[in-house]
Amino acid sequence: MRVFITGSAGFIGFHLARLLLQQGHSVHGFDGLTDYYDVRLKQRRHALLREHPNFTATEAMLEDAPALQKAAQAAQPDVIVHLAAQAGVRYSLENPRAYIDANLVGTFNVLEVARALKPRHLLMASTSSVYGANSEMPFGEQQKTDWPLTLYAATKKANEAMSHAWAHIHGVPTTMFRFFTVYGPWGRPDMALFKFTRGILEGTPIDIYNHGDMWRDFTYVDDLVRAIGLLIDAVPPAPGERTPEHGWQPIEGDTLSPAAPWRVVNIGNSDKVRLLDFVEAIEAEVGQRAVRKLLPLQTGDVPATWADCSLLQRLTGYRPHTPFRQGVAAFVRWYRDYHGV
Ligand SMILES: NC(=O)c1ccc[n+]([C@@H]2O[C@H](COP(=O)([O-])OP(=O)(O)OC[C@H]3O[C@@H](n4cnc5c(N)ncnc54)[C@H](O)[C@@H]3O)[C@@H](O)[C@H]2O)c1
């Protein structure tokens, strides 16, 4: 299978590309190596992928529609996985326009590529942040996502709507995933685990929001990309194909659209963890206590996320399972090795 992955120099794209290459597929990566965080980390990820003979890449921006079209046309993908985005909840307060450019214009350009090339399946990243001010837990895909708290969440919600319209009009089967706080080796420097580990090792204070009363459904990156790999084969059927003659059986809690080959699926760990327990796991692994700076909840942030992953399990037979202490240990080992500390 030939897979076109946008965001291949990013945290999740890198891990997904690695998994698919290991499974014998060919991957063409597309990434603009933006300077939102340390570009050297992105270069290192791409360099590692380039060691594989079945990996090729284009380094360009999504907003450069001709470059994106040329790269995708040459790759002739069976499957497109769109992960490139301006990510980050907090940065969307500082630089909202970056989210409009990458997530709205960029995603539209990916949809146009899918319309032209008609891959077997288009899969795109949304986020648990779309649940916004909804406080019913755990978050199920059928719950309300009409109250985004940041422009980041609003652009991802818009991506869900845009992809639905394109799937309806142009018929490209599309799966949107809502990821829940992903962590692990080669992770993002703007995310809590990275910042906490650095702070603890350097003995500098770490910022703990909502005075530590935060809960997250931390999802280990290997589990996440395994779930994506399995969802690639769970192609949403068009409305006319949903008959026993097509081998189709209804699935409880499915989010299939009545009007398009489109669905949305949560990928989380189904187990919320208290942030302070997460910090203690890092301290135990590093062997040093953190200097805690307790702060109020930040604008746009939510105190808790917790995923209902029963649809993922029904579609793939799989659910993420790595215990957070094990995942934290793997991250800290990687961090120390990467930074030589
Ligand atoms: N990591 C998480 O916890 C998490 C949670 C929810 C959703 N997501 C979503 O998953 C996807 C991948 O996230 P990640 O954690 O790997 O982030 P990341 O920032 O590590 O990766 C994104 C990659 O996209 C590239 N990129 C950004 N804007 C671009 C543009 N305009 N043109 C071309 N390339 C561009 C960046 O250079 C980067 O390498 C994103 O869509 C993100 O919103 C991530």
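Each ligand, and each atom within it, is numbered from 1 in the order the structure gives.
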Report summary line: Exactly one of Val302, Val273, Asp301 clears side chain to side chain contact (heavy atoms under 4.5 Å, CB included) with Met214, and that residue is Asp301
Query - atom 24 (O) of ligand 1: the protein heavy-atom neighbour that sits closest, reported with distance to 0.1 Å - result: Ala84 CA, 3.3 Å
Query raised in the report: Heavy atom of Ala9 under 4.0 Å from ligand 1?
Result: yes
Query raised in the report: Mind checking whether Leu62 and Val110 have side chains closer than 4.5 Å, heavy atoms only?
Result: yes
**Report entry** atom 41 (O) of ligand 1 - nearest protein heavy atom and its distance
**Finding:** Lys156 NZ, 2.7 Å
Requested in this report: Determine, considering heavy atoms only, which of Trp186, Tyr152, Tyr183 sits nearest to atom 43 (O) of ligand 1.
Outcome: Tyr152
Query raised in the report: atom 33 (C) of ligand 1: which protein heavy atom is closest, and how many Å away?
Result: Gly32 N, 3.2 Å
Query raised in the report: Which protein non-hydrogen atom lies closest to atom 8 (N) of ligand 1, naming both residue and atom, and how far is it?
Result: Phe179 CD1, 3.6 Å
Query raised in the report: What closest approach, in Å, do Tyr220 and Gly184 show between heavy atoms, and which atom pair accounts for it?
Result: CE1-CA, 3.8 Å
Report task. Compute the minimum heavy-atom distance from Ala60 to ligand 1 and say whether it is under 4.0 Å. Result -> yes
Query raised in the report: Which protein non-hydrogen atom lies closest to atom 13 (O) of ligand 1, naming both residue and atom, and how far is it?
Result: Ile12 CD1, 3.9 Å
Query - Residue portion contacting ligand 1 (non-hydrogen atoms closer than 4.0 Å) for Thr34 - result: both
Requested in this report: Can you spot which of Trp334, Phe194, Phe331, Phe11 makes a ring pair (Phe, Tyr, Trp, His ring centres under 6.0 Å) with Trp186?
Outcome: Trp334
Report summary line: If you scan protein heavy atoms around atom 27 (C) of ligand 1, the nearest is Ala85 O, 3.1 Å
Requested in this report: Please verify whether a non-hydrogen atom of Tyr37 lies at under 4.0 Å from ligand 1.
Outcome: yes
Query raised in the report: How far is atom 39 (O) of ligand 1 from its nearest protein heavy atom, and which residue and atom is that?
Result: Asp31 OD2, 2.7 Å
Query - Proximity winner for atom 14 (P) of ligand 1, if only heavy atoms of Arg178, Arg188, His15 are counted - result: Arg188
Requested in this report: Could you check if a side-chain atom of Phe14 sits within less than 4.5 angstrom of a side-chain atom of His46, using non-hydrogen atoms only?
Outcome: no
Query raised in the report: Any idea which protein heavy atom is nearest atom 40 (C) of ligand 1, and the distance to it?
Result: Leu83 O, 3.1 Å
Report task. Pick one of side chain, backbone, both or neither for how Leu62 approaches ligand 1, counting any non-hydrogen atom pair under 4.0 Å. Result -> both
Report task. Determine, considering heavy atoms only, which of Ser126, Gly187, Ala192, Ala125 sits nearest to atom 7 (C) of ligand 1. Result -> Ser126
